[in-house]
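So the structure is just underneath, and the comments pick up after that.
This one's a predicted model, so the numbers in the text were calculated from it and none came from an experiment.
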Amino acid sequence: MVSQGSSPSLLEALSSDFLACKICLEQLQVPKTLPCLHTYCQDCLAQLAEGGRLRCPECRESVPVPPAGVAAFKTNFFVNGLLDLVKARAGGDLRAGKPACALCPLMGGASTGGPATARCLDCADDLCQACADGHRCTRQTHSHRVVDLVGYRAGWYDEEARERQAAQCPQHPGEALRFLCQPCSQLLCRECRLDPHLDHPCLPLAEAVRARRPGLEELLAGVDNNLAELEATRLAEKEALARLREQAAKVVMQVEEAAEGVLRALLAQKQEVLGQLRAHVEAAEEAARERLGELEGREQVAREAAAFARRVLSLGREAEILSLEGAIAQRLRQLQDCPWVPGPAPCQLPQLELHPGLLDKNCHLLRLSFEEQQLQDSRKDGARSPGGDTTQPQSRDGEDGANTPKEGRAQTPQEDGGTQAARGGRSNKKRKFKGRLKSVSREPSPAPGPNLEGSGLLPRPIFFCSFPTRMPGDKRAPRITGLCPFGSREILVADEQNRALKRFSLNGDYRGAVPVPEGCSPCSVAALQNAVAFSAAARLYLINHNGEVQWRRALSLCQASHAVAAMPSGDRVAVSVSGHVEVYNMEGSLATRFIPGGKANRGLRALVFLTTSPQGHFVGSDWQQNSLVVCDGLGQVVGEYRGPGLHGCQPGSVSVDKKGYIFLTLREVNKVVILDPKGSLLGDFLTAYHGLEKPRVTTMVDGRYLVVSLSNGTIHVFRVRPLDS
């Protein structure tokens, strides 16, 4: 008898998935093997057959269906044997009642045999103690292996049972397959051997296996060699991808630093030029004021003398005129001989001179080039070090010195083309970027540059990561209807389609799920102190992290969805209901209720999306007024935007960073725009250039990470960085 402490049994070494159909996920029934060596139930394959062809659910290989149907596919006798072993082992619970002996009814005529205590591995029959003793004493069965039934059910004899197991003929029940017809390559029992294959050369199974095993082993060795090569190539590809991502991260940092340096230098030049302009204008104004004062004084003296002379000539008597003639003439001559300024002093008008290439649309301060790099072959040259990182192209001393652009000046595309042509063979390894890159990891393409719309400098996005939200257990494609921060650097995703609240880190690591009540499809979600609030249908739920319902509240049925937002204190939750906002505390009591803009706006508001700001304001997307509205805790509107910056779209999801900037999603035009804390539009924050394709909902994590979900279930994370940081 095999001891219980022996090595694992055959069935323990096999995974449970091996004997399960990948289509119905049940135990295989009538297993049929496709040419790609994947095995499924015959009935399941019949459902997939269409138009005379069938596509394997696992490897997606298209297979022609035989004219006789899926039943003509090869029967997997290997799986059948394992299934027989499984069914024999699971033949009942010995504690509930022992199975009956299979031989007692044949010998004694009784309808049922005695309780079985042993099993013959050769006959595959359960035997009582008496039949087991007799089984060992007959001429035909004395060599059979009879074992204890308890040990057999425990799996102690799996290896022996497997060795003595015989495949049964599907045409003649009870007959074991014993021969191989060489011309037909068909397994035969004794009955099959005597009928259509009588004249065919046949071999016993053991002899046929010995003859054919070397060929199969040779083919298997070739496949193993291919697998080794594929694995080595896969590792090299992964290493190359890792180097690509590492170098891309370096280039991103270089671009950020270069752009920041250019912007700082530009701002410094701006301040310097404006300072020079102010100084010039102030000096010119001071000189002009002095000249104006002198001119005004001379003008007044001349006017007074001329006015006196005119009065004397018009009103004076002859004697009076003659008596004053000398004085008047002297004064008028003196004024005429005075050195007058012939005209206004020359004024130096300021003119701005720009670098001639800055306004050229073909001017590129930053230029990206690519260097082809051979993948490292770890099989042929394992000791060779990996290729260096791709860097910005630099000139070498003594090489093409005449065509090398001067240091500190951007190389224009025309210069670049001439340089590459002059370098001959090297031009095949470095090529200028043309068109858009096809992303390998589905990450968004980098931003074209910081947005400087409006009067001030805006926060700008820095791509952080991107990841899918579909998990192996999901039955449908994700439909993300809610996002919220969930602790430090973690988010909670409401997947309405799969009725789940999924937890992810900001890096995309799946952290499990928060259980939801049976039948609930979470819509909007918010995280509170040790609890989660979410809306589903026309109810507001508060559950703990284990999924236990703390309380539920009925909401208005006239609104399709209800937006939920956590208050900054974390101990209250706000929900939009039929144009007004209701705020509940942790005990489920209504703390406050208000209509944005007061009762005069009753029925005129419909907040489909809602969030709160660190300043305690409510920010919502009003689909009734087609605007973004900002109101205080009492419902007084402090700002509202409904201008052309919405592009005629209905305002979407809203998020607020730690400084109060508002990020508004415009799904139809693939944008996220930014507004100041009072709702004034500042400009675009994210566009299609950042990888946005039908953005659905957003949230702000730690006040500086904007998380954006797309309609296909992908999540992009951007770090919000002020331009002056």
Side-chain angles (χ1 to χ4, degrees), residues 16-17 25 467-555 557 559-567 569-577 582-589 609-611 653 696-702 705 707 709-715 717:
S16 59
D17 291 341
L25 303 181
F467 57 89
T469 58
R470 183 161 191 172
M471 294 293 104
D474 292 347
K475 296 183 179 180
R476 300 180 180 180
R479 184 171 183 266
I480 301 176
T481 54
L483 290 173
C484 73
F486 193 71
S488 177
R489 296 177 65 87
E490 192 170 318
I491 58 174
L492 193 61
V493 178
D495 185 352
E496 187 178 47
Q497 197 79 329
N498 293 291
R499 298 183 175 182
L501 291 176
K502 303 174 182 178
R503 296 172 53 190
F504 292 91
S505 70
L506 278 183
N507 296 321
D509 300 326
Y510 181 60
R511 300 287 177 82
V514 176
V516 298
E518 185 69 24
C520 283
S521 298
C523 180
S524 183
V525 64
L528 283 74
Q529 296 174 354
N530 301 320
V532 174
F534 68 90
S535 61
R539 290 182 180 272
L540 175 65
Y541 292 84
L542 185 74
I543 61 176
N544 59 21
H545 293 176
N546 296 323
E548 299 172 351
V549 178
Q550 306 298 306
W551 50 261
R552 62 172 62 89
R553 295 292 179 267
L555 303 175
L557 293 173
Q559 189 167 332
S561 61
H562 301 271
V564 176
M567 300 298 292
S569 58
D571 58 353
R572 290 180 296 167
V573 58
V575 58
S576 64
V577 183
E582 295 179 354
V583 181
Y584 292 87
N585 57 24
M586 296 293 290
E587 289 73 31
S589 301
F609 294 95
L610 180 68
T611 190
S653 180
R696 183 177 289 275
V697 291
T698 64
T699 190
M700 187 68 64
V701 179
D702 296 339
Y705 290 96
V707 181
S709 70
L710 307 184
S711 296
N712 62 3
T714 302
I715 284 183
V717 182

Inset, instruction - State the SG-CZ distance between C523 and R539, to the nearest 0.5 angstrom. - result: 15.5 Å
Legend entry - Main-chain N/O of E548 paired with Q550 side-chain donor or acceptor, under 3.5 Å: yes
Legend entry - Contact summary for C520 and A536, nearest pair of heavy atoms: CB-CB, 4.5 Å
Inset, instruction - Please lay out, stage by stage, how F504 and D509 fare under the test side chain to side chain contact (heavy atoms under 4.5 Å, CB included). - result: CA-CA 5 Å; F504 292 91; D509 300 326; over 6 Å; no
Legend entry - Candidate pair T714 and N712, rule side-chain hydrogen bond (donor to acceptor under 3.5 Å, both in side chains), full reasoning: CA-CA 6 Å; T714 302; N712 62 3; 3.1 Å; yes
Inset, instruction - Report yes if the side chains of P485 and M700 come closer than 4.5 Å at any heavy-atom pair, otherwise no. - result: no
Inset, instruction - Please name the pair of heavy atoms, one in P478 and one in D474, separated by the smallest distance, quoted to 0.1 Å. - result: CG-OD2, 4.4 Å
Legend entry - Pairwise distance CG(L555) to CD(E582) - rounded to 0.5 angstrom: 7.0 Å
Inset, instruction - Taking T699 for its side chain and V707 for its backbone only, find out whether a donor-acceptor pair lies under 3.5 Å. - result: no
Legend entry - 4.5 Å side-chain heavy-atom contact, V514 and L492: yes
Legend entry - Atom pair OG (S711) and CZ (R696), whose distance is rounded to the nearest 0.5 Å: 4.5 Å
Legend entry - Distance-only side-chain donor-acceptor flag, R489 / Y705, under 3.5 Å: yes
Inset, instruction - State, yes or no, whether a side-chain contact exists between L540 and R552 at a heavy-atom distance under 4.5 Å. - result: no
Inset, instruction - Go through the steps to decide whether R499 and S521 satisfy the test side-chain hydrogen bond (donor to acceptor under 3.5 Å, both in side chains), and finish with yes or no. - result: CA-CA 4 Å; R499 298 183 175 182; S521 298; 3.1 Å; yes
Legend entry - Atom pair CD1 (I543) and CG (L528), whose distance is rounded to the nearest 0.5 Å: 11.5 Å
Legend entry - Expected output: side-chain N585 to main-chain E587 donor-acceptor under 3.5 Å: yes
Inset, instruction - Determine yes or no for a side-chain-to-main-chain donor-acceptor pair under 3.5 angstrom, with H562 supplying the side chain and S576 the backbone. - result: yes
Legend entry - Pair F486 and H545, ring centroids less than 6.0 Å apart: yes
Legend entry - Side chains of I715 and V717 in contact at under 4.5 Å (non-hydrogen atoms): yes
Legend entry - Any I491 side-chain heavy atom under 4.5 Å of L506 side chain: yes
Legend entry - CG-OG1 distance between L483 and T611, expressed to the nearest 0.5 angstrom: 11.5 Å
Inset, instruction - For residues T481 and S561, determine if any side-chain heavy atom of one lies less than 4.5 Å from a side-chain heavy atom of the other. - result: no
Inset, instruction - With side chain to side chain contact (heavy atoms under 4.5 Å, CB included) as the test, would you mind laying out the steps for V549 and L542 before giving the verdict? - result: CA-CA 6 Å; V549 178; L542 185 74; over 6 Å; no
Legend entry - Distance in Å, L710 CG paired with T469 OG1, rounded so as to fall on 0.5 Å steps: 9.5 Å
Legend entry - side chain to side chain contact (heavy atoms under 4.5 Å, CB included) between V697 and F609, worked out: CA-CA 9 Å; V697 291; F609 294 95; 3.9 Å; yes
Legend entry - A566 versus A527, closest heavy-atom pair with distance: CB-O, 3.5 Å
Legend entry - Shortest non-hydrogen separation from D702 to G487 and the atoms involved: OD1-O, 4.5 Å
Inset, instruction - Ignoring hydrogens and angles, tell me if any N or O in the side chain of R553 forms a donor-acceptor pair with the backbone of G588 under 3.5 Å. - result: yes
Legend entry - Beyond-backbone contact of V583 with V573, side-chain heavy atoms, under 4.5 angstrom: no
Inset, instruction - State which residue, out of R503, K502, R479, fulfils the salt bridge (charged side-chain N to carboxylate O under 4.0 Å, His left out) condition with D495. - result: K502
Inset, instruction - Taking S524 for its side chain and V564 for its backbone only, find out whether a donor-acceptor pair lies under 3.5 Å. - result: yes
Inset, instruction - Quick one: closest heavy-atom pair of M586 and W551, and the distance? - result: O-NE1, 2.9 Å
Inset, instruction - May I ask you to test the F534-L501 pair for a side-chain heavy-atom distance under 4.5 Å? - result: yes
Inset, instruction - Determine, step by step, whether R572 and Y584 satisfy the side chain to side chain contact (heavy atoms under 4.5 Å, CB included) criterion, reporting the C-alpha distance in whole Å, the side-chain angles of both residues, the deciding distance to 0.1 Å, and the verdict. - result: CA-CA 6 Å; R572 290 180 296 167; Y584 292 87; over 6 Å; no
